[in-house]
There are 2 protein chains.
Amino acid sequence: MGGDGDRDERNSRAPLSRERILDAAIAFVDAKGLTALTMRRLGTELGVEAMSLYRYVGGRDDLLEGMVDEMVDRLHLDPDGVRPGPGEGWQAYLQWLAHGVRGLAREHPQVFPLIATRHPAAPWLRPPLRSLRVVEDFLSTLVDRGFTDERAVAAYRAFSSFLLGHLLLEAAVLGSRTAPAVELTDVARSMPTTSSSVDVRDYPLLRRLEDRLSEDHASAEFERALEDLLDRMERELADDLPG
Amino acid sequence: MGGDGDRDERNSRAPLSRERILDAAIAFVDAKGLTALTMRRLGTELGVEAMSLYRYVGGRDDLLEGMVDEMVDRLHLDPDGVRPGPGEGWQAYLQWLAHGVRGLAREHPQVFPLIATRHPAAPWLRPPLRSLRVVEDFLSTLVDRGFTDERAVAAYRAFSSFLLGHLLLEAAVLGSRTAPAVELTDVARSMPTTSSSVDVRDYPLLRRLEDRLSEDHASAEFERALEDLLDRMERELADDLPG
DNA sequence: ACCTGAACACCGTTCAAGT
DNA sequence: ACCTGAACACCGTTCAAGT
């Protein structure tokens, strides 16, 4: 591969395709933030007029949907560490999946809110585990390893809530570092924002704890809470058997 | 002015104010959804030109910020049930707060994602407990009741993640019922959405569990997980003392 | 002091037209 | 078959002007 000789402006080479567009969109959001993503800007990024994109994506909404789908689909390929085989127990599987999703959130903190916030295709799909394939895999893995239908569904619910709560917060912190986020235009700051002052001085405990609140324990917190969740599931599962 | 004295079109009466604008915006989003909220449309809703709003809100971003602040501020007034007094223990306080936040999410499911998703004023503020006043109250309540600084901060983190994970998912379900959500324009549905089919037939376990997955146990789940969280905190707190 | 009209730059999207 | 130009309806926002 390497020097193939056709140059061009920036990213224009292949004849444009849905996949190329989605990848470009994800990269764009990683770099510039979600609010900066515009059909027209994405077009120029790809060396093409915005209108050309409509042959592949149907519209801005479909574009966002496609980005989410592509990221979620990567779960079955990407997660660092090898996927646990059938002999390894559901704890290993949930650990693997949890770290896979966390990897997505950390690699694409600006895209993750999209995964977390957009309405899934079916009402019973819960972000961030919001693709039929992933959920089928989740449920069948647990059922194969001894979960009743009921426990498997309850596990899906608890696991989704856990991932969403922890990773959305972690992504928010990472994302606000990466991007302009609020891009205050200097002037806009002067408006009557009511109590525009983010002034910790009026709050004695916040002042005392500010440093501690600012410490980053994201990884430790995540592992800890994940362990607790798995323990809780184990206990509930054990309740079923002796019945 | 012929015939009617002082009544007018729709909502125009008071001379416009930040509070009136924010309330109108919240009501608008409750009714029409977040994507429908536009400076121009909000203006006409208030019987005024869009440009008049800029005297009170600084811009669309400040408007959204203001809506979030106002909702979060209601926590100290609204929550059903009376706020536990100093004699009642931190468990009662956290129960009260949890149900207060849940009330917000359920009353305004379309606004809640805003609370959950927008970057807070300080990086260590975690949605949905994202106001200085609320966090000061949270921390001081716990410290007054025997938490060390460290435990109080850890509790704040765990509590935020818990609320965010559970309530964002609950609000998403409620919100998608209330609003057009994706408003597919019939035609847009025909585009090459890759696997546009939300077809459960290919997934045997999903087909078997679909009914069970669709059951609504939001309240029971929430109470259960809240109890578990409080239990966990109690255990950790107990670890501090005998040491 | 409070609101409006007109204007600017930028959007998403459609559609007939180019190659 | 694939992309473009021009156009439409709608945005957020500014600013001089009205009352």
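Values in this document were obtained by computation on a predicted structure and should not be read as measured data. Just so it is clear: chains get the letters A, B, ... in the order the sequence lines come, proteins before strands, and each one is counted from 1.
Going from atom CG of A:L64 over to atom C1' of C:dG12 covers 12 Å, rounded to whole Å. Put simply, CG on A:L53 is 13 Å from C1' on D:dC2, counting in whole angstrom units. Rounded to whole Å, the distance from CG on B:L42 to P on C:dC3 is 14 Å. Going from atom CZ of A:R60 over to atom P of C:dT14 covers 15 Å, rounded to whole Å. Between the C1' atom of C:dC3 and the CD1 atom of B:I21 lies a distance of 12 Å, rounded to the nearest Å. The distance from atom CD of A:E49 to atom C1' of C:dG18 is 13 Å, rounded to the nearest whole Å. At whole-Å resolution of the value, CE in A:M39 and P in D:dC3 are 14 Å apart. Put simply, CG on A:D62 is 10 Å from P on C:dT13, counting in whole angstrom units.
For C:dA9, there is no paired nucleotide, since no Watson-Crick or G-U wobble pair has both relevant distances below 3.5 Å. Across all strands shown, C:dA17 remains unpaired; no Watson-Crick or G-U wobble contact has both distances below 3.5 Å. In this structure, C:dC3 makes no Watson-Crick or G-U wobble pair, since no nucleotide meets both defining distances under 3.5 angstrom.
In this model, the phosphate group of D:dC3 is approached by a side-chain N or O of A:Y56 to a distance below 4.0 Å at OP1 or OP2. The side chain of A:T38 places no N or O atom within less than 4.0 Å of a non-bridging phosphate oxygen (OP1 or OP2) of C:dC10. Remark: B:R55 is not in phosphate contact with C:dC2, judged by side-chain N or O atoms under 4.0 Å from OP1 or OP2. Contact check, A:R41 against C:dC10: no side-chain N or O comes under 4.0 Å of OP1 or OP2. When the side-chain nitrogen and oxygen atoms of B:S52 are compared with OP1 and OP2 of C:dC2, none of them lie within a distance under 4.0 Å.
Closest to the B:M51 side chain, of the nucleotides C:dC2, D:dT4, C:dT4, is C:dT4. The side chain of A:L16 lies closest to D:dC3, out of D:dC3, D:dT13, C:dT4. Candidate nucleotides C:dT14, D:dT13, D:dC3 were compared by shortest atom distance to the side chain of A:Y54, and C:dT14 ranks first.
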Query raised in the report: When you look at B:R106 and B:R102, which way does the side-chain contact (heavy atoms from CB on, under 4.5 Å) test go after all the steps?
Result: CA-CA 6 Å; B:R106 293 176 58 88; B:R102 181 161 184 246; 3.2 Å; yes
Query raised in the report: Yes or no on side-chain contact (heavy atoms from CB on, under 4.5 Å) for B:L168 and A:L168, after CA distance, side-chain angles and deciding distance?
Result: CA-CA 10 Å; B:L168 198 53; A:L168 197 53; 3.5 Å; yes
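Both A:R40 and A:A50 lie near DNA chain D, and the one whose nearest nucleotide falls closer to the 5' end is A:A50.
A side-chain contact (heavy atoms from CB on, under 4.5 Å) with A:L22 is found for one member of A:R20, A:E19, A:R18 and no other, namely A:R18.
Aromatic ring orientation, A:Y156 versus A:F138: perpendicular (interplanar angle above 60°, classes split at 30° and 60°).
A cation-pi arrangement is absent between B:R133 and A:Y203, since the terminal nitrogen or guanidinium carbon is not both under 6.0 Å from the aromatic centre and inside a 45° cone about the axis.
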